[in-house]
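Okay, so here's the structure we're looking at.
Below, read A as the first sequence line, B as the second, and so on, with proteins coming before strands; counting in each chain starts at 1. Here the structure is a predicted model, which means the values were calculated and not measured.
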2 protein chains.
Amino acid sequence: MPHDLLPPGRKSGIPSATTSRNMYHLSLHMSYLTNGRGALDALVTRKRICMKGCDIIHEGKEGRSAYLIYNGWACSYRLLRNGTRQIINFHVPGDLLGIRRLLSPNFDDNLCAITCIELGEIDIDSLLTMLCTDNRLSMSILWSAFREEAIIAQHLVDIGRRKPINRAAHFFLELGARLNLAGFGAKTEYDCPLTQSLIADALGLTAVHFNRVLKQLRELNAMTFHNGRVEFLDDRKLEHLADFDSSYLR
Amino acid sequence: MPHDLLPPGRKSGIPSATTSRNMYHLSLHMSYLTNGRGALDALVTRKRICMKGCDIIHEGKEGRSAYLIYNGWACSYRLLRNGTRQIINFHVPGDLLGIRRLLSPNFDDNLCAITCIELGEIDIDSLLTMLCTDNRLSMSILWSAFREEAIIAQHLVDIGRRKPINRAAHFFLELGARLNLAGFGAKTEYDCPLTQSLIADALGLTAVHFNRVLKQLRELNAMTFHNGRVEFLDDRKLEHLADFDSSYLR
DNA sequence: CGTCCCGTTGATGCCAATCAACCCGGGTGG
DNA sequence: CCACCCGGGTTGATTGGCATCAACGGGACG
């Protein structure tokens with residue numbers, strides 16, 4: 001039974017990642033979200049800190065909150081009866097978490113802190129009432145739902161039809177693009193606090209095999225991933241491997 | 001290069017499936033959607049018929065319409081450079097198609113008619129302006145976006161971490177549950193106009209191997225799929241295989 | 001009657017899961 | 001302090017499952 005993100009964990013040995021920025025410099029990655037952001041920020045009632053490995057939202061548990069990530073990383077995942085785990089999506093600073101339970105708790109996945117994470121807590125009920133009056137806010141929420149759906153759909157295509165090496169290339173490119181849009185990381189490198197087995201669980205591979213795939217990427221001089229840092233060595237080669245087009249992120 | 005749904009095709013040899021109902025008896029599957037349904041129906045400007053195999057929305061093509069399915073089936077899919085196809089989701093009567101392009105054309109996948117299909121066309125711009133005034137309508141749209149996201153996420157888990165036989169079992173159970181909620185099909189059987197290779201492309205398998213999986217399910221006396229008809233022989237065995245819980249559909 | 005699409009089955013080969021061993025660095029406790 | 005453990009990463013050997021290639025049958029349709 002995999003449990004590498006279940007225990008509360010010790011003090012993170014992992015560098016605090018890409019999050020050493022002003023908390024107001026959040027992922028203003030698109031017009032709608034930018035417009036709605038002010039209204040969203042206003043709804044944050046309190047700050048919450050989650051330690052690395054803690055569940056932020058647990059499946060089935062009633063909860064009346066959504067969260068805005070100020071800094072740190074999280075992931076949504078599902079555990080299967082056969083003991084495996086599928087990670088649905090990783091979440092980076094600026095992302096909005098848990099909106100799906102706005103309308104139904106059944107829609108939501110487990111949500112777990114990958115690094116120590118700082119969250120703005122938003123009360124679902126006040127969000128709901130605000131939605132009725134503030135139109136830009138509803139647009140913002142809708143946008144963010146669509147964007148997440150597009151990311152997940154892309155992820156689905158990745159897992160369903162791409163070979164592991166292409167899948168991995170696509171993953172790192174997408175993550176880089178997302179961080180870039182959120183105002184973090186450079187074009188050719190970024191901090192990434194994920195472990196190999198976390199990524200493997202997102203890509204539908206075993207950790208062992210993902211490790212070999214990383215080796216291949218290294219030997220192709222396409223990219224490296226060491227000590228929580230991703231470096232793109234040959235963008236064109238990578239993009240060719242990944243068949244990547246970032247337009248769905250905008 | 002797979003193309004079994006690309007050509008316009010001849011007159012469908014496939015029975016017109018589960019769609020022989022009153023067109024107003026649409027998938028009123030949930031409170032929010034029900035509330036918003038009237039408003040949505042009112043926005044339908046004209047009816048459109050698509051022949052089996054026709055693209056309803058094609059990636060990249062500008063289009064300012066969303067569609068409501070009156071009857072017939074469709075699917076959203078993406079084609080990869082390597083010549084394979086991944087089907088993201090199947091759509092049944094009552095589903096709302098193409099809302100993601102409400103906010104950005106980049107978000108949308110290809111959309112194709114699987115059977116001859118009857119659609120209500122909704123102008124995106126009037127939908128947008130309506131959203132600003134009609135609150136139940138925005139809730140309805142939001143709900144439908146969340147639900148679709150939940151379905152896709154479930155699909156992702158399926159492909160990423162379940163073995164083909166469990167995947168197939170899950171697929172048929174989900175489809176059955178969706179049809180049921182939409183008011184079609186009985187508990188233990190339903191019409192399903194999909195071909196084996198369509199389903200295989202949704203499940204991330206080859207058609208050949210999916211065929212063998214169907215054989216296994218048959219030999220386990222769990223279910224059969226013949227001539228466009230699904231029959232569940234042993235629900236408990238199936239549900240055990242699939243680890244299925246339908247709550248995310250409601 | 002020939003063609004096309006769909007479903008079915010067999011034979012073969014490869015790729016990724018699995019099992020296993022080992023390294024490294026950091027914590028922890030005797 | 002050293003011994004030990006534990007989580008994360010790396011590599012090798014082996015197995016099996018799924019893709020691939022190929023052939024055929026049947027039904028629908030021109």
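Side chains of A:Q86 and B:Q154 form no contact here, defined as non-hydrogen atoms less than 4.5 Å apart. You'll find the side chain of B:M51 stays beyond 4.5 Å of the side chain of B:T115, heavy atoms only.
Distance A:I165 CD1 to C:dC14 P: 18 Å, rounded to the nearest Å. Residue A:E219 contributes atom CD, which lies 12 Å from atom C1' of D:dT10 at whole-angstrom precision. When the C1' atom of C:dA16 is taken as reference, atom CG of A:L214 falls 15 Å away, rounded to whole Å. For A:N227 and C:dG25, the CG to C1' distance is 11 Å, given to the nearest whole Å. A:D201 places its CG atom 11 Å from the P atom of C:dA17, with the value rounded to the nearest Å. When the C1' atom of D:dG7 is taken as reference, atom CG of A:L194 falls 16 Å away, rounded to whole Å. In this structure, B:L198 places its CG atom 14 Å from P of C:dC5, rounding to the nearest Å.
Between D:dT10 and A:K215, no contact under 4.0 Å exists linking OP1 or OP2 to a side-chain N or O. Between B:Q196 and C:dC5, a side-chain N or O to OP1/OP2 separation shorter than 4.0 Å is absent. When the side-chain nitrogen and oxygen atoms of B:N211 are compared with OP1 and OP2 of C:dG7, none of them lie within a distance under 4.0 Å.
Within the structure, the salt bridge (Lys or Arg N to Asp or Glu O under 4.0 Å) test picks out no pair touching residues 209-223 of chain A (sequence neighbours left out). Among residue pairs with one or both ends in residues 149-166 of chain B, those qualifying as salt bridge (Lys or Arg N to Asp or Glu O under 4.0 Å) are A:R100-B:E149, A:D201-B:R161, B:D158-B:R162; sequence neighbours excluded.
Residues that satisfy the side chain to side chain contact (heavy atoms under 4.5 Å, CB included) test with A:D245, not counting sequence neighbours, are A:S247. The side-chain hydrogen bond (donor to acceptor under 3.5 Å, both in side chains) search around A:N89 returns A:R178, not counting sequence neighbours. Checked against side-chain hydrogen bond (donor to acceptor under 3.5 Å, both in side chains), A:H155 has no partners two or more places apart in sequence or in another chain. Scanning for ring pair (Phe, Tyr, Trp, His ring centres under 6.0 Å) contacts around B:Y248 gives an empty result, with sequence neighbours left out. Every residue two or more places apart in sequence or in another chain that forms a side-chain hydrogen bond (donor to acceptor under 3.5 Å, both in side chains) with A:N211 is listed here: A:Q196.
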Discussion item. Using a 4.0 Å heavy-atom cut-off to protein, can you give one letter per nucleotide of nucleotides 17-23 of chain D, 5' to 3': B if the base is in contact, S if only the sugar-phosphate is, - if neither?
Written reply: -SSB---
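The bend of the helix from C:dC1-D:dG30 to C:dG30-D:dC1, defined by the angle between the axes of its first five and last five pairs, stands at 20° to the nearest 10°.
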